[in-house]
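To keep things clear, I will list the structure first and then write my remarks on it.
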Protein chains: 2
Amino acid sequence: MARYRVGIETRERILSATRRLLSEGGIEGVTLKAITAQANVGAGSFYNLFDSKEEAVFEVVRGAIEAVDPDPEGAGTDTLADLVDAFVTFMTDSSPIARIYLQLAVGRGLTDRTIAERVIRSHQRRVERFADAWQREDTSLTPAEATRRAQVMLAALTGLGLSALLDERFDMREHARELLPDVPAASTGR
Amino acid sequence: MARYRVGIETRERILSATRRLLSEGGIEGVTLKAITAQANVGAGSFYNLFDSKEEAVFEVVRGAIEAVDPDPEGAGTDTLADLVDAFVTFMTDSSPIARIYLQLAVGRGLTDRTIAERVIRSHQRRVERFADAWQREDTSLTPAEATRRAQVMLAALTGLGLSALLDERFDMREHARELLPDVPAASTGR
DNA sequence: TCCATATTGGAGTATACGCTACAGTTCTGG
DNA sequence: CCAGAACTGTAGCGTATACTCCAATATGGA
């Protein structure tokens, strides 16, 4: 089912509309009606290009996550600080989309097996990247230990991100800094 | 509008039904129809006793959280380990209800101001309890530092809990132990 | 040019759900 | 025992939603 050019363009238009609605009105504002109105497209056209509304939403969220990746090529050159920074940036700068991400991961992931697996997989990939970076910085670490630490660190980041999204006065970057192994000043115990 | 005895009993019946449905079918299974059928009650009776479906759900979740509180009297005798343990127990043992809690906190909290404030408040209370316990165990800590640590610790616990709920193979208790300040030489088993 | 295939719009479908109106029944304090 | 308040069940209202159907039209490779 090769696409014609117009179809591809319409697809882009739909994704833009979805992204915009997601950013401005949260996940609640994204109804099929809203998307098709915003994109100037009929419902039939939408379903000619997407299998479901969720597919469009996922696509947008995926794009937002990729946009802050410090090493999109997978060259293995990212540091722990880079990765933490990327996570914090995603949570604070693209906060409307980060909200959606958490709402999907938690709200739907805890209910829907398929989504849960999707979330777990992407989470594990992230854990691996954190663990790799950690080992690159502290070569004395065993892989198992690095993974364990990465897991706890990502959990903490997720929790901090949640706090930040719920309470905008919460300074996520400040707290996230403490998670890094060697803090320049104020040595935090571990 | 003082309640009659029958009304109070009906209320209990509705809460039991809600709790049961919540545990067995998750938040999706809890429709008004399901509740009223399970409780042998008409919709009219339900709304005579509750303002909304949510009220009943909140009530059930609140009860489940209180049930694992290591110091329900607020005597100030709970240790950090107690608090962590209670959190882990809530997440793992009452996992269906913990799921609901997170779904409400995240799914609705990120959308609905009222719910967000509710969640933030209860979160702050928990942070304070963790910080107090931490100070009791390490009297050299300043209140600000204790709070900061408590915040990060709770964030990590929340994140770990999320992992545990998404992936049942994830051993939350194991990871949570690492968060405590002084690990007494990795003693396995409990 | 031809024509198989892709695209389009939007009215219409199916359905689910929270909640209410209301008339009849039960409760309970005095 | 009785008056007024609380309680009860049923029927159905109102609304919102994702998605389908299909006839008409556009596209672009041969």
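Naming: A, B, ... by sequence-line order, numbering from 1 per chain.
Residue B/L49 contributes atom CG, which lies 6 Å from atom P of D/dC7 at whole-angstrom precision. Look at CD on B/E55: it is 15 Å from P on C/dG18, rounded to the nearest Å. Rounded to whole Å, atom C1' of D/dT10 lies 15 Å from atom CG of B/N40. Taking atom CD1 on B/I35 and atom P on D/dG9, their separation rounds to 15 Å, with Å as the unit. Per the geometry, CZ belonging to A/R11 stands 15 Å off C1' belonging to C/dT7, to the nearest Å. Residue B/K33 contributes atom NZ, which lies 12 Å from atom C1' of D/dT10 at whole-angstrom precision.
Each of B/T158, B/L157, B/L165 was evaluated against B/M91; a single residue qualifies, B/L165, per the side chain to side chain contact (heavy atoms under 4.5 Å, CB included) test.
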Check your understanding: Could you write nucleotides 20-30 of chain C as a row of B, S and -, 5' to 3', where a protein heavy atom under 4.0 Å of any base atom gives B, of only sugar-phosphate atoms gives S, and otherwise -?
Key -> BB-----BS--

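Side chain to side chain, A/E59 and A/T18 fail the donor-acceptor criterion of an N or O pair below 3.5 Å.
Contacts of A/T10 with the nucleic acid, taken as non-hydrogen atoms under 4.0 Å apart, involve only primed sugar atoms and P, OP1 or OP2. Among the protein residues, B/T36 comes within range of no part of the nucleic acid, since none of its heavy atoms lies under 4.0 Å from any strand.
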**Study point:** Full working for side-chain contact (heavy atoms from CB on, under 4.5 Å) between A/L104 and A/I27
**Key:** CA-CA 9 Å; A/L104 286 179; A/I27 207 167; 4.0 Å; yes

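DNA chain C is contacted by both A/F46 and B/K53; A/F46 maps to the nucleotide lying nearer its 5′ end (nearest heavy atom per residue).
Scored by the ring pair (Phe, Tyr, Trp, His ring centres under 6.0 Å) test, B/F58 finds no partners at all (sequence neighbours excluded).
Between B/N48 and D/dA6, a side-chain N or O to OP1/OP2 separation shorter than 4.0 Å is absent.
Salt bridge B/R121/B/E117: absent, no basic N to carboxylate O contact under 4.0 Å. Checked for salt-bridge contact, A/E145 and A/R148 meet the test: a charged N lies under 4.0 Å from a carboxylate O.
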